[in-house]
Amino acid sequence: MKTLFLTAAALAFAAPALAQSPADFSGPYIAGQGGYAKTKLEVTYNNGTTTQSTSDDTGNGAAGGILGFNAQSNGTVFGVESDLNWNNANDRYTVLGEEVETGIDYSGAVRARLGFVSGNTLFYGAAGVAGTRAYVEYDGEKETETVAGWTAGIGADHAFSDRVFGRIEYRYTDFGDVEDDGVKAELTQQSVWLGLGMKF
């Protein structure tokens, strides 16, 4: 009886410690994501004698996929991931009497991640390089260019099981600018994402 009591007492004290063990986020994973992106398009036009700038924010839905890998040491996680997203943001402007349309369609990023695990949730920060296919169209001509910049964000992954996790993330991206014959479009974006992934 004494042995049973001591065993039960040991299990009672061990159970909370086991429950607080951090979830395992190590290994490769894939995920899908969708969200809302607010893109700021700032256009500067120079006709040779005069320069005028205008800007506007355009909001749109976005969706894409993620491929990544995590290494975990106790509760600390180091990782790298890449994503590719469809993001159809565009707007029209009138600058110095000229109709100008500018926008982006596909975008992607490669980022490093650093975070810590609390229970079943990984809280992280991420930063890296980002690129998009941008265009400027005016006077019947369309210039398309792939531009690259930087991105940074914070988020959380929550483990629903040993393999399945959900994600929420805020991200800021500066894609840089695209220029063509006196027209310069600068592209920045703020976005919020929800995702669902699987670890292997």
Indicate every side-chain donor-acceptor pair of residues 118-126 with a distance under 3.5 Å to a residue at least two apart or in another chain.
from: Thr121; atom 1: OG1; to: His158; atom 2: ND1; distance (Å): 2.8
from: Tyr124; atom 1: OH; to: Arg167; atom 2: NE; distance (Å): 3.4
from: Tyr124; atom 1: OH; to: Glu169; atom 2: OE1; distance (Å): 2.5

| field | Qualifying ring-ring contact (aromatic ring centres under 6.0 Å, His included) pairs, either residue in residues 56-79, two or more places apart | value | none
| Quick one: salt bridge (charged side-chain N to carboxylate O under 4.0 Å, His left out) partners of Asp83, sequence neighbours excluded? | Arg171
| Taking only residues two or more places apart in sequence or in another chain, which ones pass side-chain hydrogen bond (donor to acceptor under 3.5 Å, both in side chains) with Thr39? | Gln189
| query | Under the side-chain hydrogen bond (donor to acceptor under 3.5 Å, both in side chains) test, which residues partner Thr76, sequence neighbours left out? | reply |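 Thr76: no side-chain hydrogen bond (donor to acceptor under 3.5 Å, both in side chains) contacts found.
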Could you pull out the closest heavy-atom pair between [X] and [Y], with the gap in Å?
{"X": "Trp193", "Y": "Ala62", "result": "CH2-CB, 3.5 Å"}
{"X": "Gln190", "Y": "Tyr170", "result": "OE1-OH, 2.8 Å"}
{"X": "Ser107", "Y": "Phe175", "result": "CB-CZ, 3.9 Å"}

| In terms of heavy-atom contacts, does OH of Tyr106 have more than 12 from other residues, nucleotides or ligands at under 6.0 Å? | no
With sequence neighbours left out, what residues match [X] under side-chain contact (heavy atoms from CB on, under 4.5 Å)?
{"X": "Leu196", "result": "Phe160, Val164"}
{"X": "Asp105", "result": "Arg133"}
{"X": "Ala112", "result": "none"}

| message | Side chains of Asp162 and Asp24, heavy atoms from C-beta outward: is any pair under 4.5 Å? | response | no
| request: Sort and list the pairs that fulfil salt bridge (charged side-chain N to carboxylate O under 4.0 Å, His left out) and have at least one residue in residues 62-76, not counting sequence neighbours. | output: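 Applying salt bridge (charged side-chain N to carboxylate O under 4.0 Å, His left out) to every pair that reaches into residues 62-76, excluding sequence neighbours, yields nothing.
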| message | Can you pull out every salt bridge (charged side-chain N to carboxylate O under 4.0 Å, His left out) where at least one residue sits in residues 187-199? Sequence neighbours excluded, please. | response |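 As it turns out, there is no salt bridge (charged side-chain N to carboxylate O under 4.0 Å, His left out) pair with a partner in residues 187-199 once direct neighbours are skipped.
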Output side-chain donor-acceptor pairs under 3.5 Å for residues 29-38, partner residues at least two apart or in another chain, one line each.
from: Tyr29; atom 1: OH; to: Glu81; atom 2: OE1; distance (Å): 2.5
from: Tyr29; atom 1: OH; to: Arg113; atom 2: NH2; distance (Å): 3.4
from: Gln33; atom 1: NE2; to: Asn85; atom 2: OD1; distance (Å): 2.9

Donor-acceptor pairs under 3.5 angstrom involving side-chain atoms of residues 145-156: please list them, not counting sequence neighbours.
from: Thr151; atom 1: OG1; to: Tyr172; atom 2: O; distance (Å): 3.1
from: Thr151; atom 1: OG1; to: Thr173; atom 2: OG1; distance (Å): 2.9

| task | Applying side-chain contact (heavy atoms from CB on, under 4.5 Å), run through Ile104 and Leu187 and close with a yes or a no. | result | CA-CA 9 Å; Ile104 63 176; Leu187 309 164; 3.6 Å; yes
